[in-house]
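Everything numeric here is computed off the predicted structure, so don't read it as measured data. In what follows, every chain begins at residue 1, and chains take the letters A, B, ... in the order their sequences are listed.
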There are 2 protein chains.
Amino acid sequence: MVSAKQTFKRGAYLYRAGEHFQSIYAVRTGFFKTATLLDDGREQVTGFHMMGEIIGMDAISTDIHPCDAIALEDSEICEIHFSQLEQLSRDIPTLQRHLHRILSREIVRDHGIMLLLGSMKAEERLAAFLLNLSQRFAARGYSSSSFNLRMTREEIGSYLGLKLETVSRTFSKFQKDGLISVQNRSIELQDMVALKRVLGQQGCATGKNDRI
Amino acid sequence: MVSAKQTFKRGAYLYRAGEHFQSIYAVRTGFFKTATLLDDGREQVTGFHMMGEIIGMDAISTDIHPCDAIALEDSEICEIHFSQLEQLSRDIPTLQRHLHRILSREIVRDHGIMLLLGSMKAEERLAAFLLNLSQRFAARGYSSSSFNLRMTREEIGSYLGLKLETVSRTFSKFQKDGLISVQNRSIELQDMVALKRVLGQQGCATGKNDRI
DNA sequence: CATGAATATTGATCTAGATCAAATCGCACT
DNA sequence: AGTGCGATTTGATCTAGATCAATATTCATG
């Protein structure tokens with residue numbers, strides 16, 4: 001069911017929008033983005049995916065991938081043949097339950113982003129984004145306060161519903177205020193409490209910084 | 001597995017955020033909204049649900065409902081006991097596949113809203129919203145051009161990431177331009193082609209008007 | 001190592017939509 | 001039918017973030 005690891009160079013497509021669906025993919029190492037190409041040529045980023053996360057579940061409904069998945073750094077993935085997974089999960093209830101939880105978790109994650117896009121302002125969105133990355137790195141045994149962004153300001157902006165200039169300016173402001181230290185793609189969270197306070201300040205989902 | 005129909009008066013809760021998860025629900029008649037109550041008391045609407053649609057799938061991942069589900073008019077629902085559904089879907093591959101498609105469709109739907117919230121402007125969002133409702137009514141055998149909104153301007157705004165005044169103003173503008181006719185909750189789409197053109201105009205997901 | 005193309009920063013200005021405010025309308029309930 | 005509250009509309013103003021623009025930095029490539 002799970003095929004051997006495959007490697008993808010930075011910039012390589014794991015799959016493309018429109019391709020037939022056959023498998024979901026587990027990121028083993030590296031970093032991916034998923035994105036939809038809009039008619040006018042711009043792209044909308046729908047997610048960033050790191051080690052241990054599953055991509056491709058949005059294709060189950062139509063058997064066609066609705067978005068592209070692109071490696072943001074050299075990466076390894078495990079292909080999971082979906083009908084074999086379904087077959088197996090018929091015999092192993094625990095696996096079945098696990099699959100359903102993973103599908104549902106994706107829905108919850110998306111609701112969190114809808115919340116962010118629908119009700120937070122720029123600083124809150126960036127703070128939520130950084131804290132979410134931090135927490136995911138921490139869960140994988142990496143530093144929660146110091147990491148490298150794998151994506152451009154434009155990709156962050158697309159994901160958060162902001163323009164790249166706004167992303168850049170907000171990073172600069174956070175740095176000026178001593179919340180973080182940025183130089184290019186390298187980020188250090190210097191005052192996580194204050195970052196959480198940015199999130200929690202006004203008219204938004206407080207305390208729910210695991211929302212993304 | 002499927003219990004007898006239950007009825008809910010307008011305003012009644014089908015379930016509340018924080019409650020233990022046991023079942024998903026199929027809307028038989030009527031109209032529901034799902035919403036998360038934010039810490040500051042405001043609510044973020046995450047979806048509107050009509051006849052034939054399934055609610056509650058976001059609770060599978062944690063066994064706790066992350067949002068409220070509230071009837072917007074007198075409604076009937078069918079409760080589907082989820083572990084019984086899982087049990088049954090082990091024996092009936094077609095059912096299993098169907099369940100997976102439904103879960104995945106919810107993910108795709110959410111990605112559509114993320115797209116809308118992240119890259120469309122007010123008029124485009126409203127046009128997408130109206131066309132989506134229209135298409136869902138049509139699919140159920142109701143008029144695609146004339147229907148009643150079950151929700152307030154504020155709820156529409158919360159769903160679309162707009163303030164209620166903006167929703168109202170945009171409806172008025174559409175009416176002035178002859179695209180629709182509104183009086184209170186009753187809507188008539190008078191020029192669907194033009195509405196689609198609003199959607200498809202600038203820097204947004206054109207032609208993908210089934211996106212919501 | 002040089003060169004050019006992405007990527008990022010920063011400033012100046014503009015605008016869509018938020019906010020504040022005030023009528024008006026419509027519906028539920030006595 | 002009257003009453004009162006929530007929902008809606010519309011106007012006036014304000015502002016966060018978009019847009020336009022110029023420069024600086026980083027990185028891939030021959």
* To do: In plain terms, say whether A/R109 and A/E106 are close enough for a salt bridge, that is, a side-chain N and a carboxylate O under 4.0 Å apart.
  => yes

* Between C/dA6 atom C1' and A/M151 atom CE, what is the distance in whole Å? -> 17 Å

* Within residues 167-186 of chain A: residues closer than 4.0 Å to DNA chain C (heavy atoms) -> A/S168, A/R169, A/S172, A/N184, A/R185

* **Presence of A/R10 side-chain N/O under 4.0 Å of D/dA28 phosphate oxygens OP1/OP2** => yes

* **d(CG, B/L164; P, D/dT9) in whole Å** => 10 Å

* Over how many whole Å does the gap from A/R125 atom CZ to D/dA16 atom C1' extend? -> 11 Å

* Would you confirm whether the ring centroid of B/F147 sits within less than 6.0 angstrom of the ring centroid of B/Y142? => no

* Asked: Salt-bridged, A/R140 to A/E53, with N to O below 4.0 Å?
  -> yes

* Sugar-phosphate only, base, or nothing, as touched by A/L162 at under 4.0 Å among non-hydrogen atoms -> sugar-phosphate

* Structure fact -> Between NZ of B/K9 and P of C/dA28 the distance, given in whole Å, is 12 Å

* **Between C/dG17 (P) and B/L126 (CG): distance, integer Å** => 10 Å

* Under 4.0 Å between a side-chain N/O of A/K163 and OP1 or OP2 of D/dT19, yes or no? -> yes

* Aromatic ring proximity A/Y15/A/Y25, centre distance under 6.0 Å -> yes

* List for me each residue that meets side-chain hydrogen bond (donor to acceptor under 3.5 Å, both in side chains) alongside A/E188, sequence neighbours excluded, and say none if there are none. => none

* Structure fact -> Among D/dT8, C/dT19, C/dT9, the one nearest any side-chain atom of B/E165 is C/dT19

* Residues B/R150, B/E73: salt bridge by 4.0 Å N-O rule -> yes

* Using atom CG of B/L160 as one end and atom P of C/dA18 as the other, report the distance to the nearest whole Å. => 11 Å

* Structure fact -> Checking D/dA18, D/dT8, C/dG17 against the side chain of B/A122 (C-beta onward), the nearest is C/dG17

* Asked: So how far is it from A/L179 CG to A/K196 NZ, rounded to the nearest 0.5 Å?
  -> 13.0 Å

* How is B/G161 classified with respect to the nucleic acid when contacts are heavy atoms under 4.0 Å: base, sugar-phosphate, or nothing? -> sugar-phosphate

* Asked: How close or far is atom P of C/dC27 from atom CG of B/N148, stated in whole angstroms?
  -> 10 Å

* Structure fact -> To the nearest angstrom, the CD1-P distance between A/I156 and C/dT7 comes to 12 Å

